[in-house]
Amino acid sequence: MIFIYASDDTALELATAAETLFPGEKRIAIGTKCNELLAYFDEVWSLGEFYPNAELLRPLLTAIVPSGSIVLLPHNTFGLDLGPGLSVKLGAAYVPDVVGFDGIEGATLKAVRQEYAGQVSAHVHCDISRGAVITIRSGIFRAAEPSKTGQLIDHSAAVAGITPRRRFVELIQAESGDVDITKEEVLVSVGRGIGDKENLALVEELSEAMGAALACSRPIVDAKWLDKPRQVGTSGQTVKPKVYLALGISGSFQHLGGIKGNPFLLAVNKNPKAPIFQAASVGVVADLVEFLPVLTEKVRAAK
Amino acid sequence: MEILVCVKRVPDSAENEISVSSDGRDIKREDLVYSVNEWDNYAVEEAIQIVEREGGNVTVVSIGDAGAEEIVRREMAMGANQGVLITDPAFEGSDGLGTAKVLKAAANRAKYDLILTGAQADDGAGQVGGMLAALLDWPYASLVNRIERKDDATLRIGREIEGGNQEINDIDTPCVLSIQTGINEPRYVGIRGIRKVASLEVPVLDSAALGVNDAGAAAAKVRRVDYFVPELGAGAEMLEGSTEELADKVVGLLKAKGAIK
């Protein structure tokens, strides 16, 4: 049996991942609000309605998921919270952030992962004889089409006996700033490759010359060089520009996950192996400190 | 608070072009710049700040070789009170669970109120903290970007979730937290700070001292077979030329796309 924890809209991608791994195998969705998934799963186990606190769900799932099962989770902030400990409690193997499957031989699952911020990939073999908890990167599998008439099973009673040692208090929405990069058609976005804070002026000059908004990747916000509302990525803003200029951005999946709408993506990076060049439309290998002043000058001349 | 922080020495993926060795069994290790895993460095800073507020001690532990000792000493120069190095060839090839078992044994050598790890390291797995918590049967929270005290037995913590939103939780101690970057501003460590801790003893523990015989390659359920560079789809069209020529081409493209107003 293959279980999917349905935490968000990745559940349909996980259904496809399940079908890819174990074609025809009975697949079951578990979640707090997942009744709408009956068209995609053989069974839907409803836990009732409560905030999906991993410290509550882990003992709950350990109690109701049969040992030896395969459990698929999204590789997001929820899966990262729940998955590693769940694998320990189930006595199952843990395979995080899978970006592909190469099939199963006996009790060996063959998967593909990435390491070093996406610069290299790795083939991974996993002993699933006692089950596995696998987290799947979003966007790898297409969403499943409705093909089932599943049975809804109420497991909400299982929650009652559990006193979690971590309790959800509240959600705090991200601050909004003076700029809304989600509405911009052209973004000039800067990453760690800019090197020093004083070099940021080079990017600001270019964005001003272009009349474009300034955005950035996570390390720039971590360093407090720009404010959080300018951050593009899964932990920041999701943007839909027509043109995205990525300057010194390596191209982690978390960053690329915040860029939607298939823009014209032009990347400048001094590392020719930077993963951003896999996603970009056009690439330039250059040192930003050298390249940006020349580019800004030529942009001004072209107006 | 008695705080244990788990740190790892990694090739700095921001500073290095990572490529695959000729036999595919490893990355090319020559000329790599190594440093403390970025997330772990934030975790150490956070632990130091907690102890500065509340009192207590910060202990840094790392699994690795002599290079890992340098990392431990660097974090001691930052302000960690003590360091422990775990070195044993028997632990090589451990999967995440193996690493967590070794750290559990290290954690059980003293009475800690809090264990911090980085949210992830070079392999991007983000697994060891959660596994360690499960093995210890302590509560866990990942991607923590804020820690405050609520009362004697409880911390109020923020987790960074999608969209930059923050999930606030109360968590009982002892607990394990994995730390997200940006939670603080890690202090600078200068050469003088490193010199000051150079004579301090860093105890070295092996599998016998820890009583761990079920980590390492033989016990691993998950093992990496090889590294490879994937066959790319189209990928980017790479522009060539001098700086001037490249800038001209970029301006031409941006103009054609209406990106210069």
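All chains are named by letter (A, B, ...) in the order of the sequence lines, taking the proteins before the strands, and each is independently numbered beginning at 1.
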Quiz item: By a 4.5 Å heavy-atom criterion (distance strictly below it), what part of S87(A) contacts chain B: side chain, backbone, both, or neither?
Solution: side chain
Exercise. Please flag which part of L246(B) lies under 4.5 Å from any non-hydrogen atom of chain A: side chain, backbone, both or neither.
Key: both
Quiz item: Based on non-hydrogen pairs under 4.5 Å, which of N76(A), V188(A), D97(A) is most in contact with chain B?
Solution: N76(A)
Quiz item: What pairs with A141(B) under side-chain contact (heavy atoms from CB on, under 4.5 Å), at least two apart in sequence or on another chain?
Solution: R166(A), V144(B), I157(B), R159(B), I171(B), L177(B)
Quiz item: Could you name the residues of residues 228-238 of chain A that have a heavy atom within less than 4.5 Å of a heavy atom in chain B?
Solution: K228(A), T234(A), S235(A), G236(A)
Self-check item: Atom group of D95(B) that falls short of 4.5 Å from chain A, counting heavy atoms
Solution: neither
Self-check item: Contact origin within L245(A) toward chain B - heavy atom pairs under 4.5 Å
Solution: side chain
Self-check item: Which portion of L266(A) sits near chain B, non-hydrogen atoms under 4.5 angstrom
Solution: side chain
Exercise. Would you please test D81(A) and R58(A) for salt bridge (Lys or Arg N to Asp or Glu O under 4.0 Å) and show each step?
Key: CA-CA 10 Å; D81(A) 214 32; R58(A) 197 177 304 112; 5.6 Å; no
Quiz prompt | By salt bridge (Lys or Arg N to Asp or Glu O under 4.0 Å) - contacts of K270(A) (at least two apart) | solution = none
Practice problem: Under 4.5 Å heavy-atom distance to chain B, tell me which part of K298(A) shows up: side chain, backbone, both or neither. | Solution: both
Quiz item: How about residues 20-35 of chain B versus chain A: which residues have heavy atoms under 4.5 Å apart?
Solution: V20(B), I27(B), R29(B)
Quiz item: Does any heavy atom of chain A fall under 4.5 Å from the side chain of L143(B), the backbone, both, or neither of them?
Solution: side chain
Practice problem: Examine whether an atom of Q114(A) lies under 4.5 Å from a heavy atom of chain B, and if so say whether it belongs to the side chain, the backbone or both; otherwise answer neither. | Solution: backbone
